[in-house]
Protein chains: 2
Amino acid sequence: MCSARSSSSSDDRTAKARIRDGAIECVANHGLAETTARKVATAAGVSPGLVMHHFGSMEGLLVACDEHVAATIRDYKSAAVDQGPGLDLLGALRQSQFGPMVAYLARRLHDDTPAVANLIDDLIADAEGYLALGVETGMLKPSDDPRARAVVLAMWSLGALVLHRHLERLLGVDLTDPNVSVDSTITTYLKPIYEILGEGLFTEEFASQARAAVAAAGQDADITKGQS
Amino acid sequence: MCSARSSSSSDDRTAKARIRDGAIECVANHGLAETTARKVATAAGVSPGLVMHHFGSMEGLLVACDEHVAATIRDYKSAAVDQGPGLDLLGALRQSQFGPMVAYLARRLHDDTPAVANLIDDLIADAEGYLALGVETGMLKPSDDPRARAVVLAMWSLGALVLHRHLERLLGVDLTDPNVSVDSTITTYLKPIYEILGEGLFTEEFASQARAAVAAAGQDADITKGQS
DNA sequence: TAACATATTGAACATGTGTTCAGCACGGTC
DNA sequence: GACCGTGCTGAACACATGTTCAATATGTTA
């Protein structure tokens, strides 16, 4: 069964909220397939029928979960807009307050569900804005295609999040751990990132070669040697 | 039902191979949840019982699929070792011969299943070797932690593959399309990558700031502003 | 008090699932 | 011809699933 809430003390959330939160936690910890109506119901301490009463169907439940997670993240981002541009896309998500929501996102990210897609679009729009601001203030280099660059950076960030199990196995860093930001093991992951984003990967000579190759677009199946 | 093989002509594969291939195609096109014993059986033109006869269980089938995909990719990589170091991790995968296997991988990548984990480990070992070779030949800049850099680059590549639906929506590039290499739309995706890997993202001043910040490791929750 | 809407239950139903199994067809070996 | 192993079938089984629904509690309004 999916793990129930931690405490035995009173829970002032409505049953509807408990069901939603239980579903998020269950998806985060055990995946979509394991998240059944009955397991969610027992995790929330209610009967299976009530899940249907409040959300209509299991798909309705998941849509509600998507929207709740998206809304929570959006609320945080708009509230934290004053503390400077958060160029770190996932640094904002690596907040302990989100609890299992990051792991939930990691599970749902590869399905192109509307609520998640909208959230991603928003994150990218934000990132594009922050990147432009970084260019203005001289922190970041300009790009030929600012939007595409924002998309690529976002895909890399979110992609690494989806593959967090592998990252944990390979580097010992768990991006879904709510306390990962205060843990210093994450530097194993951050250092090469700063290396690449700072100095780049290609040497100057090779970079100009690659630039020329991609400029001569079209069929470049044999020419493209860059990492993709 | 999952799409059956294209042709009506004779199929000289054994029933066991047809079942395995049908399962791979079904997972690639419709996902794990939709890949049931009966659907796979009808796609392969056999009875449900034969699936169990050959693979013992559905989990056994998926393990066999994992291993077959991994073996196919490994075979390709060892056969293509002569045509120069394939720094492009996924460029090798973007070969039309793999058919639905890339899409299959994209579906399975976020589960830490043994066969896939081993494949990833191999891909990273290869990448690390190719990166080292690139450093030797003066194409790539050296790294403080070559293995971690290889891991990060691999996670970015594979992560983007997992998120291919979003990439398609955002940039119009489908990484799971077997013919994506010959299509020029992929340059929309490759150009910002070459930008970042070539010139970097940070300006020199900011790069040294970031380097200093991450050097003073520990609690850097407020300091880290780099993309992650 | 009566009426009503809402929250909640738990048994039931239909369906689809993975898996089992007795049996058949066939091809080779004694 | 008898035997046996293997590929293969299709009906059956036990089970879990999403969903429905009549019934009950509870609180709110008239």
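To find a chain, count down the sequence lines: A is the first, B the second, and so on, and within it residues start at 1.
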**Student:** Would you classify B:Val51 as touching base, sugar-phosphate or nothing, given that sugar-phosphate means primed atoms plus P, OP1 and OP2, and contacts are heavy atoms under 4.0 Å?
**Tutor:**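 No contact.
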
**Student:** For a quick check under 3.5 Å, do B:Asp174 and B:Thr176 share a side-chain donor-acceptor pair by atom type?
**Tutor:**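 There is such a pair between these side chains.
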
**Student:** If I take atom NE2 from residue A:His110 and atom CG from residue B:Leu161, how far apart are they, to the nearest 0.5 angstrom?
**Tutor:** 11.5 Å

**Student:** Can you measure B:Leu50 atom CG to C:dT20 atom C1' for me and round it to whole angstrom units?
**Tutor:**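 After rounding, the reported distance stands at 14 Å.
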
**Student:** Report the C-alpha separation of A:Lys191 and B:Asp145 in whole Å, then their side-chain angles, then the decisive distance to 0.1 Å, and conclude whether the salt bridge (Lys or Arg N to Asp or Glu O under 4.0 Å) test is met.
**Tutor:** CA-CA 8 Å; A:Lys191 273 187 72 179; B:Asp145 189 343; over 6 Å; no

**Student:** Using a cut-off of under 3.5 Å, enumerate the N/O to N/O pairs linking the protein to nucleotides 17-19 of chain C.
**Tutor:**
residue	atom	partner	partner atom	Å
C:dG18	OP2	B:Ala37	N	2.9
C:dG18	N7	B:Arg38	NH1	3.0
C:dG18	O6	B:Arg38	NH2	3.0
C:dT19	OP2	B:Met58	N	2.7

**Student:** How about B:Asp121 and A:Leu170: do any of their side-chain heavy atoms sit closer than 4.5 Å?
**Tutor:**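 Heavy-atom side-chain distance check passes, below 4.5 Å.
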
**Student:** According to side chain to side chain contact (heavy atoms under 4.5 Å, CB included), who are the partners of A:Ala115, at least two apart in sequence or on a separate chain?
**Tutor:**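 Per chain and number, A:Ala115 pairs via side chain to side chain contact (heavy atoms under 4.5 Å, CB included) with A:Asp66, A:Glu67.
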
**Student:** Rounded to whole angstrom units, what separation is found between the CZ atom of A:Arg18 and the C1' atom of C:dT8?
**Tutor:**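 That distance rounds to 11 Å.
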
**Student:** First and last nucleotide of DNA chain D in contact with chain A, 5' to 3', at under 4.0 Å to a heavy atom: what are they?
**Tutor:** D:dT17 to D:dT20

**Student:** Can you label the angle between the A:Trp156 ring and the B:Trp156 ring as parallel, tilted or perpendicular, going by 30° and 60°?
**Tutor:** parallel

**Student:** Quick one: does A:Arg108's side chain get under 4.5 Å of A:Leu119's, heavy atoms only?
**Tutor:**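 The answer is no; the side chains never approach within 4.5 Å.
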
**Student:** Are B:Ile120 and B:Leu109 close enough that some pair of their side-chain heavy atoms sits under 4.5 Å apart?
**Tutor:** yes

**Student:** Are any of A:His54's side-chain N or O atoms less than 4.0 Å away from OP1 or OP2 of C:dT6?
**Tutor:**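 So the side chain of A:His54 is outside the cut-off, no N or O lying under 4.0 Å from OP1 or OP2 of C:dT6.
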
